[in-house]
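To start, the structure under review is shown below, and the notes come after it.
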Amino acid sequence: MNYHPDRHHRRSIRLPGYDYSQSGWYFVTICSYKKQCIFGDIKVGKICLNYIGTIVREEWLKSAQMRQEVELDEWIIMPNHIHGIVVIVNGDLDTNGAQALRSYKKPRSLSSFIGGFKSSVTKRIKEFSQQPSPPVWQRNYYESIVRNERHLNQIRQYIIDNPQKWDEDPEKPQNQSQDIFIDLLF
């Protein structure tokens, strides 16, 4: 499908004017394509990653190791998404101290980290699957800025508890079919 600006009105879900390359703590959620459960299953309140989920784990860790400005705090891979606290440690302010408006994919930013991570996972899955463009990720990602230590601790607990609450999750698909990757796994 081609993009037509008259018909497709994509709005950014980022905080307007916020510089996502500045030092800070960010809670991110990245969902699989159509929120299909392609990364594994929850069994007895714990995530059991399949091969694709293992690729996601390896690339999540590798992406942070490759970027000196990124640190990972608590994170979890779920059957159809990943939650993580990402810390950007390269403060970048203008000379007058005001936050500068930056382009969406500024190097050393949260979006750069997420884009590189999603790309590396897709590339590895493409090599594994022998398919030209296996759909792996939903477009975009969700983030919130961690504002204080209380908020940080609440998010950490949410991430830790996520597998135990999977059955109650309103985003959990009723049909947990892995149709788009059936050929990959066999």
Side-chain angles (χ1 to χ4, degrees), residues 10-16 18-42 45-50 52-65 67 69-89 104-106 108-122 124-125 134-176 178 180-181:
R10 292 184 177 165
R11 294 181 319 179
S12 175
I13 59 175
R14 304 293 153 246
L15 184 61
Y18 188 83
D19 180 1
Y20 286 92
S21 69
Q22 72 178 335
S23 293
W25 294 61
Y26 304 93
F27 174 47
V28 299
T29 301
I30 310 166
C31 296
S32 65
Y33 180 72
K34 295 186 178 180
K35 295 186 180 176
Q36 291 196 24
C37 297
I38 59 173
F39 305 138
D41 294 311
I42 300 293
K46 295 187 188 259
I47 183 68
C48 298
L49 298 177
N50 59 24
I52 294 167
T54 301
I55 290 173
V56 171
R57 180 185 64 220
E58 290 170 358
E59 293 302 321
W60 182 254
L61 294 170
K62 190 187 320 179
S63 293
Q65 290 169 350
R67 292 172 171 82
E69 74 279 4
V70 171
E71 295 176 9
L72 298 177
D73 194 75
E74 199 69 49
W75 58 276
I76 186 98
I77 299 169
M78 296 294 289
N80 65 356
H81 63 279
I82 180 171
H83 288 303
I85 299 171
V86 177
V87 185
I88 304 290
V89 291
Y104 178 70
K105 274 280 181 115
K106 181 179 181 192
R108 304 173 83 83
S109 66
L110 183 63
S111 61
S112 177
F113 169 74
I114 300 294
F117 162 71
K118 288 168 76 170
S119 177
S120 62
V121 169
T122 302
R124 282 193 56 197
I125 292 172
V136 179
W137 301 110
Q138 196 170 275
R139 183 188 162 274
N140 224 325
Y141 60 94
Y142 303 96
E143 55 71 27
S144 64
I145 302 160
V146 179
R147 306 222 180 246
N148 57 46
E149 191 171 347
R150 184 174 151 263
H151 188 214
L152 175 63
N153 290 330
Q154 289 172 337
I155 294 167
R156 284 176 173 152
Q157 195 61 53
Y158 174 81
I159 291 171
I160 291 166
D161 294 343
N162 213 244
Q164 294 89 19
K165 296 185 176 186
W166 176 242
D167 287 334
E168 305 163 19
D169 191 332
E171 295 294 322
K172 176 185 172 187
Q174 296 303 315
N175 175 9
Q176 293 188 41
Q178 299 181 4
I180 63 173
F181 283 102

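Because the structure is predicted, anything quoted here is derived from the model rather than measured. Computed from heavy atoms alone, side chains included, the values below leave out hydrogens, waters and symmetry copies.
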Report task. Walk me through it: do L72 and V86 pass the test side chain to side chain contact (heavy atoms under 4.5 Å, CB included)? Result -> CA-CA 5 Å; L72 298 177; V86 177; 4.2 Å; yes

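- A distance of 13.5 Å separates CZ in R147 from CG in L152, rounded to the nearest 0.5 Å.
- Taking CD1 of I159 as the start and CD1 of I76 as the end, the distance is 8.5 Å to the nearest 0.5 Å.
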Query raised in the report: Which is it for V89 and V70 under the side chain to side chain contact (heavy atoms under 4.5 Å, CB included) test, yes or no, and what are the steps along the way?
Result: CA-CA 6 Å; V89 291; V70 171; over 6 Å; no

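- Here the closest non-hydrogen pair linking P135 and Y33 is CB-CD2, 3.4 Å.
- In terms of heavy-atom proximity, R67 sits nearest to S63 at NH1-O, 3.3 Å.
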Report task. Take N162 and H81 through the side chain to side chain contact (heavy atoms under 4.5 Å, CB included) test and state the conclusion after the steps. Result -> CA-CA 11 Å; N162 213 244; H81 63 279; 3.5 Å; yes

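- Side-chain N or O atoms of K35 include none that pairs as donor or acceptor with a backbone N or O of Q138 at under 3.5 Å.
- Using bins of under 30°, 30° to 60° and over 60° for the plane-to-plane angle, the ring pair W60/F117 lands in the perpendicular bin.
- Looking only at atom types and distance, the side chain of R150 has no donor-acceptor partner in the side chain of N153 under 3.5 Å away.
- Listed here is the closest heavy atom pair of I160 and P163: O-CD, 3.5 Å.
- Rounding to the nearest 0.5 Å places CE of M78 at 11.0 Å from CG of D41.
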Requested in this report: Walk me through it: do Y141 and I82 pass the test side chain to side chain contact (heavy atoms under 4.5 Å, CB included)?
Outcome: CA-CA 10 Å; Y141 60 94; I82 180 171; over 6 Å; no

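- When each of D161, I85, V146 is paired with R156, the side-chain contact (heavy atoms from CB on, under 4.5 Å) condition holds for I85 and for no other.
- With rounding to the nearest 0.5 angstrom, the CD atom of Q164 is 12.5 Å from the CG atom of D169.
- Checking I155, V28, T29 one by one against H83, the side-chain contact (heavy atoms from CB on, under 4.5 Å) holds for a single residue, T29.
- Judged purely by atom type and a 3.5 angstrom limit, T122 uses its side chain to pair as donor or acceptor with the backbone of K118.
- Heavy atoms only, all atoms of each residue included: I52 and N50 are closest at N-OD1, 3.0 Å.
- With a 4.5 Å cut-off on side-chain heavy atoms, I42 and P79 count as touching.
- The OH atom of Y26 lies 6.0 Å from the CD1 atom of I145; values are rounded to the nearest 0.5 Å.
- The minimum heavy-atom distance between L110 and I88, with the atom names listed, is N-CD1, 4.0 Å.
- Using bins of under 30°, 30° to 60° and over 60° for the plane-to-plane angle, the ring pair F27/Y158 lands in the perpendicular bin.
- Note that the CH2 atom of W137 and the SG atom of C31 stand 9.0 Å from one another [nearest 0.5 Å].
- Looking at N80, its side chain never comes within 3.5 Å of a backbone N or O of K172 through a donor-acceptor pair.
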